[in-house]
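Taking it in order: structure first as structure tokens, then the write-up.
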Amino acid sequence: MSTYNVSISTTAQKKPKPSQDQVPFGTVFTDHMFMMDYEPEQGWHDPRIVPYAPITLDPAAMIFHYGQTVFEGLKAYRADDGRILLFRPEKNFQRLNQSSDRLSIPPVDEERVLDHLMKLLDIEKDWVPSTEGTSLYIRPFIISTEPNLAVGPSRTYTFMIILSPVGSYFAGGIHPVTIHVEEQFTRATKGGTGMAKTAGNYSSGYQAQANAKKEGNADVLWLDGVEKKYIEEVGSMNIFFKINGEIITPALTGSILKGITRMSIIELLKSWDMPVTERKISIEEVYRAFADGTIEEVFGTGTAAIISPVGELNWQGRKITINNREIGEISQRLYDTITGIQRGKLEDPFGWVVELNENIQSGSNLYSS
Ligand SMILES: *Cc1c(COP(=O)(O)O)cnc(C)c1O
């Protein structure tokens, strides 16, 4: 199936797979991983699939000091008939290159790395769980590896893909969460790295998230870094509002991550004749809509949860409740439709789903055996 060469060294030492209904998030990894290296003279080279194992880096490797790194996150889903399906994976590699561009990392060949991913998935296909809500999380990333303490872009890089089976994001289906609207800290500003999936954007939010969690919130909603007035996004989700019939999501102004779930929801709603307005929306507007009784739904969107309804917002010590803390009609319909398309249960009119290796498969789901 592969059109691009990749060297493969497999291990006979297979790890036990977690039970289908107790898959933790992000701590179990499959038996193999993908790697390739970059040097200015050779470009990206030596693509290889190797047994999953720790890697060795020089303590002076630039990743440890200046954080020059990017990552992606997507999932492989198991359809009822055993096929393995990916959701718009080409968009993830496109975005990886956009993030890399911002971080001065050389681009990868998008088609080639997608092909390498498919090869890796083919080797690891028994790791794709099949229970409702489970999937195989795919984490491609690039690190800067040159041992050099001088500030500046690394000369060398390593690109890797690791795979991790993950359970249902919300045990027992989706349920509305409480979100703290952050006033003290900011995530990103225009001209910064907010639109890139890069490490520093996340660790700089931990303090705010820890404070919010202490007070019973699931996550923080970030406001713009200049005026702390306009809504940006949640920790690793974009956000949508339905106010007085209008569906609104913050416009991509450079500090917000361009979510693939966000993009898909905008396209889906448009196909239902429910266009989304991409514009600035202030937190005051949301609170006014609550006072008016015109706020109908709020939900976060991202690969992890797909749709995460927001039941309560906390801003300046004022709590507002949305839709009686119940899942909204649009939230539920979007969740059912997107997860249905992703798992091959619903028709895919947009051609979003990419199937792994159409020829192999034979319902050989050995996952929990
Ligand atoms: C990954 C991410 C999202 C969601 O993007 P998807 O492509 O939909 O998974 C949103 N915001 C941030 C900050 C993210 O890192």
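Indexing begins at 1, ligand by ligand and atom by atom, following the structure's order. Worth knowing before you read on, the calculation uses all heavy atoms, side chains too, and leaves out hydrogens, waters and symmetry mates.
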- Task: Just jot down the ligand 1 atoms closer than 4.0 angstrom to any heavy atom of E233, in number order.
- Result: 10 (C), 11 (N), 12 (C), 13 (C)
- Do we see a donor-acceptor contact under 3.5 Å between the side chains of E297 and S331? yes
- Query: With a distance cut-off below 6.0 Å to the six-membered ring centre and an angular limit of 45° from the axis, does K319 pair with F290 as a cation-pi contact?
  - Reply: no
- Any idea which protein heavy atom is nearest atom 9 (O) of ligand 1, and the distance to it? T303 OG1, 2.6 Å
- Message: For a quick check under 3.5 Å, do R139 and Y137 share a side-chain donor-acceptor pair by atom type?
- Response: yes
- Item | Atoms in ligand 1 with a heavy atom of G235 nearer than 4.0 Å | 13 (C)
- Query: Would you find more than 12 non-hydrogen atoms of other residues, nucleotides or ligands less than 6.0 Å from E267 atom CD?
  - Reply: yes
- Message: When you measure from the centre of the six-membered ring of W272, is the NZ or CZ of R333 closer than 6.0 Å and no more than 45° off the axis?
- Response: yes
- Item | N or O pair under 3.5 Å between T261 and ligand 1 | yes
- Message: With no hydrogens and no angle check, just 3.5 Å: does a side-chain donor-acceptor pair link S204 and R187?
- Response: no
- Would you say G73 and ligand 1 have an N/O pair spaced under 3.5 Å apart? no
- Task: May I ask you to identify the nearest protein heavy atom to atom 1 (C) of ligand 1, giving residue, atom name and distance to one decimal place in Å?
- Result: K197 NZ, 1.4 Å
- Message: Restricting to non-hydrogen atoms, name the atom on K125 and the atom on I84 that form the minimum distance, rounded to 0.1 Å.
- Response: CB-CD1, 3.3 Å
- If we ignore angles and hydrogens, is there a donor and acceptor under 3.5 Å between the side chains of T158 and D37? yes
- Answer side chain, backbone, both or neither: which part of L257 comes under 4.0 Å from ligand 1, heavy atoms only. side chain
- Item | Polar proximity ligand 1 side, R187 side, N/O cut 3.5 Å exclusive | no
- Quick one: nearest non-hydrogen protein atom to atom 3 (C) of ligand 1, plus distance? S236 O, 3.3 Å
- E39 and Y157: side chain donor to acceptor below 3.5 Å: no
- Less than 3.5 Å between some nitrogen or oxygen of N238 and one of ligand 1, yes or no? no
- Among non-hydrogen protein atoms, atom 15 (O) of ligand 1 lies closest to Y202 OH, 2.3 Å
- Message: Side chain or backbone, does K258 bring an N or O within less than 3.5 Å of an N or O on ligand 1?
- Response: no
- Item | R95 to ligand 1, any heavy atom closer than 4.0 Å | yes
- Ligand-side contact atoms (ligand 1) for residue partner G259, heavy atom cut-off under 4.0 Å: 5 (O), 6 (P), 7 (O), 8 (O)
